[in-house]
2 protein chains.
Amino acid sequence: MEDVAREAGVSRALVSLVMRDSPKVSPAKRTAVLESAAALGYSPNRLASRLASHRTHTLGVLFLDLHNSVFADIYDGLSAGLAGSGNQVMVAVGSADPRTEIEAVRSFVDLRVDGVILAGYTGTSEDLAAALRGTPCVVITRELEADGVDSVLTDDFRSGVLAVEHLVGLGHRRIAHVDISDWLPYTARREGYLHAMKEHGLAPQLVHSDMTERGGRAVMEQFLDSGAERPTAIFTHNDLTAIGVMEALTARRLSIPGDVAIVGCDNIEFAASPLIGLTSIYQHARELGQVAARAMLDRIAGTAGPATTRKLEPALMVRRSSDPAA
Amino acid sequence: MEDVAREAGVSRALVSLVMRDSPKVSPAKRTAVLESAAALGYSPNRLASRLASHRTHTLGVLFLDLHNSVFADIYDGLSAGLAGSGNQVMVAVGSADPRTEIEAVRSFVDLRVDGVILAGYTGTSEDLAAALRGTPCVVITRELEADGVDSVLTDDFRSGVLAVEHLVGLGHRRIAHVDISDWLPYTARREGYLHAMKEHGLAPQLVHSDMTERGGRAVMEQFLDSGAERPTAIFTHNDLTAIGVMEALTARRLSIPGDVAIVGCDNIEFAASPLIGLTSIYQHARELGQVAARAMLDRIAGTAGPATTRKLEPALMVRRSSDPAA
DNA sequence: TTGAAAGCGCTAACAG
DNA sequence: CTGTTAGCGCTTTCAA
């Protein structure tokens, strides 16, 4: 920078202003600086500028799992929502391991990111608040009680209800639910399921799995082998699980939806594929990302008040897996 | 840091050493420092430490597309390969847009990452070299001629050959190939296809698409409507495209592999799903990530010599889409 | 507009 | 082992 200043015959401060394209530089000096910068192959060290300016223009984003394309959708929404704001995104993957997640958040904070966006945080709000140290944060797909932390999610309880209503409407009475292991803080879909089942006077039937295709398949195979009475319909926590369940059923030569109807949740791309035809509850993943981005920008700009929760309405997408006519 | 030092009754330098857990600190002082750090809620500003130490312990990783799970596999390999090395990863997504890609690389370099790993770079090696300014780099899934840039990939030419040999072995003679638009620097699979077709004295038939499921589907629908002679087998550039092609065929009530056999490439998770049953060429995505991580660590450590290329052997995974018996 | 000076919060020798 | 002294490369007053 020193060199560029000398070469262009100006002061370092001026070079700094030009590099951040400040409006208060004369066009002549500006081009002079730009030219010598190009000539010397200079580009500013952003570490230094961040340190000095206390702004990083970077948002840390944590994803639960890159294998679930719902996070790719959220990513798309985030980058659309951030477009033109001059912020960049730094991604980390938590893998549903609270230790890894907190480590990632801490790392973001130590790097002084302007904000942290969590898409799939499975830890506690206390740990999060401690790691955050006041850094603005918005949580996607979950409602978290912590001050200064906004939540953006789809009404998961409602999703559970929607699924059951749909299946009951189709005449099903033995409807099972494959949720994700008890310990994960994503229970609203199950609550919705349980609530709706009760409303209809039906006996709930729960099976625990993780949130993967493989997990769903393994759990369902085990279930089918157990000799337990087979449900006529299954609602799963997410689409990956639903696909795993479908695989298990297919492997046992059971027809879908003839023998068992399936309803997933998330509405990932593959669910919509004619090859899969999975009925699913759309949670507007892309929009979640976009809304979260806006929320974060507001919070960084200081125009946001106390922590808010934004909840989107889920939508049922009927496909072959629950309705042969679809 | 000042405060912590005072509180613990030591110098700032000592605090610094403790924070980086250097071995040359007495246990007594160490715990004293740690305690007062905890008491004061201190954690080091890594921006500052990076600036001062000229090491960021961060690798910038660029992915082509988060919607293609092959990149999730590569990510897994990378993080496995980096585990324990004390490096963290910063992810960006290029979306097959050279401008976005170069912007991301430049951003990494301006942040002084220790190295850049590119999984799906579609630009030129000149642009890359310019953006890199000497930052160590390893490119995955592609062979790039630029000094100091290592390449880690699967032998794509061979993949094309494998696909054709497999189909020819099954008796097919009209074998089409859906590649990705001409301008993308990923032509080896097509070259392999063309070469093998020629070897067998067969006439190649090329269809251009992008690398997405939707693209594959659209292109194939258009192709089927065009009235062109239908091939009995199709080899696609990647699995996403293959799935799109399968969707188009299914929508036209054509059977797979009865009317048309399909072979994809990448061997993503869904290809292996019994619901899809797509024959594919395994490119060892996870291993690519792991090998790339090692290559990068070597390069950073300075133990790597001139630019090298590591090429893995692809493997044919036969499934239902090409062989009903499978 | 421009320039000089004073940091941002840490690390890196080196002397003790 | 510990403390001192310089920076890292930029931004920011603030005065000119």
Side-chain angles (χ1 to χ4, degrees), chain A residues 1-37 40-58 86 88 106-114 133-135, chain B residues 1-37 40-58 86 88 106-114 133-135:
Chain A
M1 179 159 165
E2 190 73 62
D3 303 333
V4 175
R6 195 178 320 109
E7 165 89 7
V10 299
S11 71
R12 299 165 19 117
L14 215 248
V15 175
S16 171
L17 288 177
V18 171
M19 288 332 261
R20 285 176 282 152
D21 40 48
S22 149
K24 32 191 175 185
V25 180
S26 66
K29 299 267 179 184
R30 147 163 284 128
T31 54
V33 169
L34 255 23
E35 270 170 21
S36 30
L40 296 173
Y42 167 84
S43 85
N45 181 329
R46 296 213 197 160
L47 279 181
S49 68
R50 287 172 174 203
L51 176 60
S53 69
H54 298 282
R55 287 290 264 105
T56 58
H57 297 287
T58 296
Q88 68 173 127
R106 200 165 276 145
S107 182
F108 285 149
V109 171
D110 288 347
L111 283 168
R112 302 299 189 266
V113 296
D114 292 343
R133 295 156 171 278
T135 306
Chain B
M1 178 159 166
E2 190 73 63
D3 304 333
V4 176
R6 195 179 319 111
E7 166 89 6
V10 299
S11 72
R12 299 166 17 123
L14 214 249
V15 175
S16 172
L17 287 177
V18 171
M19 288 332 263
R20 285 176 283 154
D21 41 48
S22 148
K24 33 191 176 182
V25 179
S26 67
K29 298 269 179 181
R30 147 162 285 128
T31 54
V33 169
L34 255 24
E35 270 170 21
S36 30
L40 296 173
Y42 167 84
S43 86
N45 180 329
R46 296 212 198 159
L47 278 182
S49 69
R50 286 172 174 204
L51 177 60
S53 70
H54 299 283
R55 288 286 266 109
T56 57
H57 296 287
T58 296
Q88 67 172 128
R106 199 165 276 146
S107 181
F108 285 149
V109 172
D110 287 348
L111 283 168
R112 301 298 188 270
V113 295
D114 292 343
R133 295 154 173 277
T135 307

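Just so it is clear: chains get the letters A, B, ... in the order the sequence lines come, proteins before strands, and each one is counted from 1.
Listed nucleotides: dT11(C), dC10(D), dG3(D). Nearest to the side chain of A13(B): dG3(D). Comparing dC10(D), dT11(C), dT12(D) by their closest approach to the side chain of S49(B) singles out dT11(C). When distances are taken from the side chain of Y42(A) to each of dG9(C), dA12(C), dC10(D), the shortest belongs to dC10(D). When each of dC10(D), dG3(D), dC10(C) is scored by its nearest atom to the side-chain atoms of M1(B), the top-ranked nucleotide is dC10(C). Comparing dT12(D), dT2(D), dC8(C) by their closest approach to the side chain of V25(B) singles out dT2(D). Checking dG9(C), dT2(D), dT2(C) against the side-chain heavy atoms of L14(A) singles out dT2(C) as nearest. When distances are taken from the side chain of S11(A) to each of dT2(C), dC10(D), dT11(C), the shortest belongs to dT2(C).
Computed from coordinates, the R12(A) CZ to dA6(C) P distance equals 13 Å when rounded to whole Å. Atom-to-atom, CG of D21(B) to C1' of dC1(D) comes out at 17 Å; the value is rounded to the nearest Å. Atom NZ in K24(B) sits roughly 15 Å away from atom P in dG3(D) (whole-Å rounding). The NE2 atom of H54(B) sits 13 Å away from the C1' atom of dC10(D) (whole-angstrom rounding). Put simply, CE on M19(B) is 18 Å from C1' on dA12(C), counting in whole angstrom units. In this structure, the CG atom of L47(B) is 14 Å from the C1' atom of dT11(D), given to the nearest Å. Rounded to whole Å, the distance from NE2 on H57(A) to P on dC10(D) is 16 Å. The CG atom of L51(A) sits 17 Å away from the P atom of dG7(D) (whole-angstrom rounding).
Look at R20(A) and you'll find a side-chain N or O under 4.0 angstrom from OP1 or OP2 of dT11(D). Side-chain nitrogen and oxygen atoms of S16(A) include at least one within less than 4.0 Å of the OP1 or OP2 phosphate oxygen of dT11(D). Contact annotation: S26(A) side-chain N/O to dT2(C) OP1/OP2 distance is under 4.0 Å.
Of all heavy-atom pairs between L111(A) and L47(B), the closest is O-CG, 3.7 Å. When all heavy atoms of V113(A) and T56(A) are compared, the pair lying nearest together is CA-OG1, 3.3 Å.
Separation of atoms CD (E2(A)) and OH (Y42(A)) is listed at 10.5 Å; rounding is to 0.5 Å.
Side-chain atoms of R30(A) come within 3.5 Å of backbone N or O of S22(A) as a donor-acceptor pair.
The nearest heavy atom of DNA chain D to P27(B) and to A52(B) marks one nucleotide each, and the one closer to the 5' end goes with P27(B).
No engagement by R46(A) is indicated, since no non-hydrogen atom pair under 4.0 Å with the nucleic acid exists.
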Self-check item: Steps toward side chain to side chain donor-acceptor pair (under 3.5 Å) verdict (S53(B), R20(B))
Solution: CA-CA 12 Å; S53(B) 70; R20(B) 285 176 283 154; over 6 Å; no

